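Quick notes on the structure that follows.
Every chain is numbered from 1, with letters handed out A, B, ... down the list of sequences. Note that these values count all heavy atoms, side chains included, but never hydrogens, waters or copies made by symmetry. It should be emphasised that the depicted structure is a prediction, and the values quoted were computed from it without experimental measurement.
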Number of protein chains: 2
Amino acid sequence: MESQARFQELQAKLKKSGYRATPQRVALLKIIAASTGHPSAAQIHEQMRRHFPTTTLGTVYKTLTLLKEMGEVLELEFSNVENRYDGNKPYPHLHLICMKCRRIIDPEIGPLGHVGAQVAKTTGYQIVGQRFELYGVCPQCQTTLREHLKVTSRK
Amino acid sequence: MESQARFQELQAKLKKSGYRATPQRVALLKIIAASTGHPSAAQIHEQMRRHFPTTTLGTVYKTLTLLKEMGEVLELEFSNVENRYDGNKPYPHLHLICMKCRRIIDPEIGPLGHVGAQVAKTTGYQIVGQRFELYGVCPQCQTTLREHLKVTSRK
DNA sequence: GTGCTTGCAAACAGTTTGCAGATAG
DNA sequence: CTATCTGCAAACTGTTTGCAAGCAC
């Protein structure tokens with residue numbers, strides 16, 4: 001099982017970095033190792049409460065911060081909306097975000113690493129991260145929108 | 001003058017969209033038409049206060065919202081840090097962000113539009129926007145960091 | 001004159017922080 | 001046993017909103 005392996009890896013790295021493997025942290029690691037859908041901190045919290053009803057959002061954020069610093073979780077920042085986290089695929093890749101339902105998927109596309117390498121060479125910057133996102137409307141939401149337009153244009 | 005032309009264009013589009021050309025808005029248009037350096041709302045506000053000391057951040061945000069909706073200003077969202085705005089080059093392009101001094105530049109690179117087009121075809125999503133960012137450390141800050149390390153490693 | 005805009009201030013959301021009690025190693 | 005971690009709650013930051021007075025058209 002893919003996510004099981006990722007969980008083991010995360011747990012090992014956590015310990016190797018000198019952090020304690022508390023039950024709460026282990027639960028969070030399992031959740032993000034399994035999640036292919038870029039959850040928010042609140043969604044992770046929600047899942048954790050099933051097993052640890054006393055867990056707080058604050059703890060979730062603290063653990064996510066550790067993992068970010070270890071380079072094992074990717075944080076997608078937004079200003080008005082909750083940030084999203086990706087611990088399943090911590091290396092840089094393209095995200096495709098539906099503006100309507102906020103679903104985020106990882107479309108398959110050729111490697112994007114060469115962009116960073118090229119820019120590093122021409123600018124002298126040392127590249128430490130990247131974020132490539134496409135915003136759009138997913139097929140389902142396009143249908144919904146079309147029906148909505150049909151209805152509202154009748155009035 | 002390049003930024004002068006951009007200002008004229010923005011002003012014309014503002015009026016065409018039915019908005020009033022208040023002195024505050026005109027001042028903001030001039031500022032973002034001239035700015036090549038992706039200012040924050042607060043930085044724009046700061047500049048505006050030189051000519052309109054009573055202007056508030058709220059008004060800056062309201063005007064920026066208009067321009068975003070008109071598709072004439074690009075907003076770069078961050079969660080802990082102020083958003084940055086680009087009204088000089090409203091079409092999608094690559095941003096290179098220094099993690100240390102927060103400077104944002106536009107490195108020259110081949111067109112990135114084909115990525116969106118390709119993903120649209122394979123996923124069925126209707127693409128409405130994109131955001132390609134590289135995070136790094138600029139040459140000046142690399143020097144600073146090196147000197148800092150030299151100093152701190154002595155203790 | 002009318003209704004969009006401004007300025008002010010309060011509200012808001014997500015995230016971060018401080019601290020006392022709990023617990024992993 | 002002790003330093004780290006949790007849970008709680010308050011603080012914080014950037015952004016948004018509501019409303020009365022002001023001003024563009």
Side-chain angles (χ1 to χ4, degrees), chain A residues 10-29 31-32 38-70 73-85 102 104, chain B residues 10-29 31-32 38-70 73-85 102 104:
Chain A
L10 284 173
Q11 195 172 29
K13 289 190 177 175
L14 188 76
K15 286 182 181 170
K16 204 168 67 180
S17 301
Y19 297 113
R20 293 185 181 169
T22 65
Q24 291 91 331
R25 283 184 181 165
V26 172
L28 189 145
L29 293 189
I31 290 168
I32 63 163
H38 314 81
S40 63
Q43 288 169 337
I44 294 169
H45 180 219
E46 176 71 19
Q47 284 196 59
M48 288 194 58
R49 293 189 75 146
R50 292 181 199 157
H51 301 284
F52 297 89
T54 64
T55 303
T56 59
L57 247 187
T59 300
V60 172
Y61 276 114
K62 282 170 188 165
T63 306
L64 287 173
T65 301
L66 290 187
L67 294 169
K68 277 190 286 176
E69 285 169 358
M70 291 165 51
V73 156
L74 227 57
E75 180 180 51
L76 299 178
E77 294 182 53
F78 302 97
S79 70
N80 286 324
V81 186
E82 305 162 292
N83 293 347
R84 301 298 203 88
Y85 299 89
R102 285 267 141 203
I104 303 179
Chain B
L10 284 174
Q11 195 173 30
K13 289 190 177 175
L14 187 76
K15 286 183 182 169
K16 204 167 67 178
S17 301
Y19 297 114
R20 293 187 182 167
T22 66
Q24 291 92 330
R25 284 182 180 165
V26 171
L28 189 146
L29 294 190
I31 290 168
I32 63 163
H38 315 80
S40 64
Q43 288 168 338
I44 294 169
H45 180 219
E46 176 70 20
Q47 285 195 58
M48 287 194 59
R49 293 188 75 147
R50 293 181 198 155
H51 299 283
F52 297 89
T54 64
T55 303
T56 58
L57 247 186
T59 300
V60 172
Y61 276 114
K62 283 171 188 164
T63 306
L64 286 173
T65 301
L66 290 187
L67 295 168
K68 277 191 286 176
E69 284 168 0
M70 290 165 52
V73 156
L74 227 56
E75 181 181 49
L76 299 178
E77 294 182 52
F78 303 97
S79 70
N80 285 325
V81 186
E82 304 163 292
N83 293 347
R84 301 297 203 88
Y85 298 88
R102 284 270 142 201
I104 303 179

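- Using a 4.5 Å heavy-atom cutoff, the side chains of Leu14(B) and Met70(B) are in contact.
- Atom pair Glu77(A):CD and dA13(C):C1' shows a separation of 15 Å (rounding to whole Å applied).
- The interatomic distance linking Phe78(A) (CZ) with dA13(C) (P) rounds to 19 Å, in whole Å.
- One N or O on the side chain of His45(A) and one on the backbone of Thr55(A) form a donor-acceptor pair closer than 3.5 Å.
- Following rounding to the nearest Å, Leu66(B) (CG) and dC4(C) (P) show an atom-to-atom distance of 13 Å.
- At a threshold of 4.5 Å between non-hydrogen side-chain atoms, the residues Ile44(B) and Leu28(B) count as touching.
- The phosphate of dG14(D) has neither OP1 nor OP2 within less than 4.0 Å of any side-chain N or O from Asn83(B).
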Would you list the protein and nucleotides 19-24 of chain C atom pairs, both N or O, that sit under 3.5 Å from each other?
from	atom 1	to	atom 2	distance (Å)
dA24(C)	N3	Arg20(A)	NH1	3.2

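- For Gln24(B), no side-chain nitrogen or oxygen approaches OP1 or OP2 of dA24(D) to under 4.0 Å.
- When all heavy atoms of Ala41(A) and Leu64(A) are compared, the closest pair comes out as CB-CD1, 4.1 Å.
- If you take CG of Leu14(B) and C1' of dA24(D), they are 12 Å apart, rounded to a whole angstrom.
- Taking the side-chain contact (heavy atoms from CB on, under 4.5 Å) definition, one finds that Arg102(B) meets it with Phe78(B), Val81(B), Arg84(B), Ile97(B), sequence neighbours left out.
- Every side-chain hydrogen bond (donor to acceptor under 3.5 Å, both in side chains) that Thr59(B) has, sequence neighbours left out, goes to Thr56(B).
- Contact annotation: Arg25(A) side-chain N/O to dT4(D) OP1/OP2 distance is not under 4.0 Å.
- Within residues 43-59 of chain B, the residues having any heavy atom under 4.0 Å from DNA chain C are, by residue number, Thr54(B), Thr55(B), Thr56(B), Thr59(B).
- Remark: Ala12(A) pairs with no residue by the side-chain contact (heavy atoms from CB on, under 4.5 Å) rule, at least two apart or across chains.
- In this structure Lys68(A) satisfies the side-chain hydrogen bond (donor to acceptor under 3.5 Å, both in side chains) test together with Glu75(A), sequence neighbours excluded.
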